[in-house]
2 protein chains.
Amino acid sequence: MTETPRQRARIETEAQITAIGNRMIDDEGVDGLSLRAIARELGVVSSAVYRYVKSRDELLTILIRDAFTEIADAVDEALDGHRSVETLALAMLEWSRRHPSRWALIYGTPIADYEAPREETVVPGTRIMVTLAELVAEIRDDAEAATEGDAKPRGSAAKSLQGGKERRGMEAALQPLRDGLAELGLDYDDHVILETITIWVAVIGLINGLRFGQFGPGFDDVEDDLMSEVIGRLGA
Amino acid sequence: MTETPRQRARIETEAQITAIGNRMIDDEGVDGLSLRAIARELGVVSSAVYRYVKSRDELLTILIRDAFTEIADAVDEALDGHRSVETLALAMLEWSRRHPSRWALIYGTPIADYEAPREETVVPGTRIMVTLAELVAEIRDDAEAATEGDAKPRGSAAKSLQGGKERRGMEAALQPLRDGLAELGLDYDDHVILETITIWVAVIGLINGLRFGQFGPGFDDVEDDLMSEVIGRLGA
DNA sequence: GATTAAACGAGAGCGGTGCTCTCTCGAATC
DNA sequence: GATTCGAGAGAGCACCGCTCTCGTTTAATC
């Protein structure tokens with residue numbers, strides 16, 4: 001069942017194309033990703049590239065999945081050292097520094113007239129957020145174990161807590177997120193979900209602000225400190 | 001000192017161009033902004049447009065300034081009703097719903113090979129964040145007035161509070177933000193700045209996530225509720 | 001009022017993009 | 001050895017931003 005030389009060559013060329021594509025996005029942003037330029041670099045005429053890749057969009061899907069996987073791997077690796085929300089956030093921030101344009105590719109404005117096929121990108125694209133939810137749940141469990149002796153059941157049926165009119169809005173507001181987690185076979189307490197999404201949007205918002213230069217200049221040396229302060233302010 | 005017919009015609013054409021440009025971005029995103037298409041719509045050959053606008057980038061700068069101004073006006077108007085962080089956030093969210101692509105233009109991935117001239121965009125671009133800082137400071141002052149009788153001096157010299165090793169990182173981390181505020185003639189307590197930036201990144205992050213579809217489907221009816229819950233979780 | 005200067009639009013053209021279609025050649029397969 | 005099939009070449013289409021030239025029309029000046 002080994003590959004024929006023909007197949008081997010094909011696989012290698014495909015790998016070259018994605019490698020060049022990743023490098024082009026790193027260097028010039030997603031707009032700099034050009035199949036014609038890839039063809040030039042391969043020493044081949046532009047139409048030849050279409051033997052290996054159906055369209056620019058298909059290549060984009062591959063590169064997006066790549067990026068999601070790479071940053072999630074980086075986060076997992078960092079968490080092997082010390083398991084905390086701060087570690088997770090700093091690992092994302094560090095990856096964004098190394099690959100600003102690929103960061104923008106996955107967490108910035110979606111590409112016009114392109115829709116990532118969900119089945120291709122949902123799983124790698126949600127890995128970090130799921131990890132964050134796990135972390136938040138762990139911390140919450142630890143805290144509860146410390147205060148009270150017994151643990152509450154972990155289901156989503158925590159409606160009676162601090163009941164009142166706000167709870168109804170919260171339940172509805174979190175429904176789509178609960179559904180998304182359910183699709184992945186997960187089930188978390190509403191408070192865990194709210195905590196997770198709050199931290200998530202703050203982390204993504206901060207990294208985007210830094211990467212996109214929305215806060216002005218002068219942050220190069222204080223990015224990590226700023227992230228830590230914000231995480232601290234969030235109480236995580 | 002009234003305008004000649006010639007000048008009037010020029011001003012009107014310029015207004016038409018920016019109007020068409022705004023509509024094109026609204027309809028098809030920033031990539032859909034094409035000077036050739038604008039020319040077609042004006043019933044004119046493509047090169048003629050360059051009489052009114054030096055380049056696509058120059059038009060972009062105008063449209064970016066426009067968008068910043070419009071959303072900041074919308075926020076100000078909303079705050080005339082009820083002054084709160086939630087009102088500010090919901091007003092931004094509402095504007096983003098009406099103009100998703102123009103939202104992306106100002107808070108999404110920066111346009112490749114384009115740098116907004118700071119002097120043109122800094123002031124309109126920072127209006128909302130400054131308003132948020134004011135709001136946070138007001139709330140803080142109110143809270144202090146309620147707990148203690150006397151108010152602390154409002155300078156940035158609040159280093160002695162809860163001193164320790166974290167404070168030093170916080171001071172450094174917030175320095176670029178303090179500098180940015182100083183450029184606008186503003187001076188806030190470090191804790192106000194940290195609170196402001198935390199809320200800011202969470203709000204931007206949440207709206208980006210919703211607009212860019214990063215949380216999956218099903219949020220259409222709960223966007224406002226979700227924003228309110230997150231703001232509530234942030235304690236603002 | 002005639003003349004000059006400035007503004008304007010038309011049109012052709014350059015180099016770039018994604019993508020399609022046809023043709024040819026060489027290598028793997030039968 | 002004949003045949004099939006995959007790969008690359010090349011031309012071409014429609015789009016883009018932008019530049020240059022060349023008449024024409026308008027406005028200001030003498």
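Lettering of chains follows the sequences in order, A, B, ..., and the numbering in each one begins at 1.
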Legend entry - Sugar-phosphate, base or nothing in reach of B:L33, heavy atoms under 4.0 Å: sugar-phosphate
Inset, instruction - Could you check whether B:V44 gets within reach of a base, just the sugar-phosphate, or nothing at all, counting any heavy atom under 4.0 Å? - result: sugar-phosphate
Inset, instruction - Output yes when at least one side-chain N/O atom of A:R40 is less than 4.0 Å from OP1 or OP2 of C:dT17, else no. - result: yes
Inset, instruction - Locate the shortest heavy-atom distance separating A:L88 from A:L79; write the atom from each residue and the value. - result: N-CD2, 4.0 Å
Inset, instruction - Give the minimum heavy-atom separation between B:I207 and B:S96, together with the two atoms involved. - result: CG2-OG, 3.4 Å
Legend entry - 4.5 Å side-chain heavy-atom contact, A:L135 and A:I199: no
Legend entry - Closest-nucleotide ordering on DNA chain C, the 5'-leading residue of B:R36 and B:T13: B:T13
Protein-nucleotide distance ([X], atom [atom1]; [N], atom [atom2]), rounded to Å:
X      : N      : atom1 : atom2 : result
A:D113 : D:dC15 : CG    : C1'   : 13 Å
A:Q16  : D:dG8  : CD    : P     : 11 Å
A:I17  : D:dG8  : CD1   : C1'   : 13 Å
B:I11  : C:dA7  : CD1   : C1'   : 15 Å
B:R56  : D:dC18 : CZ    : C1'   : 13 Å
A:L35  : D:dG8  : CG    : P     : 14 Å
B:L59  : D:dC18 : CG    : P     : 10 Å
A:R8   : C:dA28 : CZ    : P     : 14 Å

Legend entry - Donor-acceptor pair, side chain of B:S84 and main chain of B:T87, under 3.5 angstrom: yes
Decide yes or no, distance alone: a donor-acceptor N/O pair under 3.5 angstrom between the base of [N] and the side-chain of [X].
X     : N      : value
A:S55 : C:dG18 : no
A:R10 : D:dG6  : no
B:S34 : D:dG17 : no

Legend entry - Options C:dC19, D:dA7, C:dG9, nucleotide nearest the side-chain atoms of A:Y50: C:dC19
Legend entry - Nearest listed nucleotide, side chain of A:R51, among D:dC16, D:dC18, D:dG8: D:dG8
Inset, instruction - Might you confirm whether atom CG of A:D27 has over 12 heavy atoms from other residues, nucleotides or ligands at distances under 6.0 Å? - result: yes
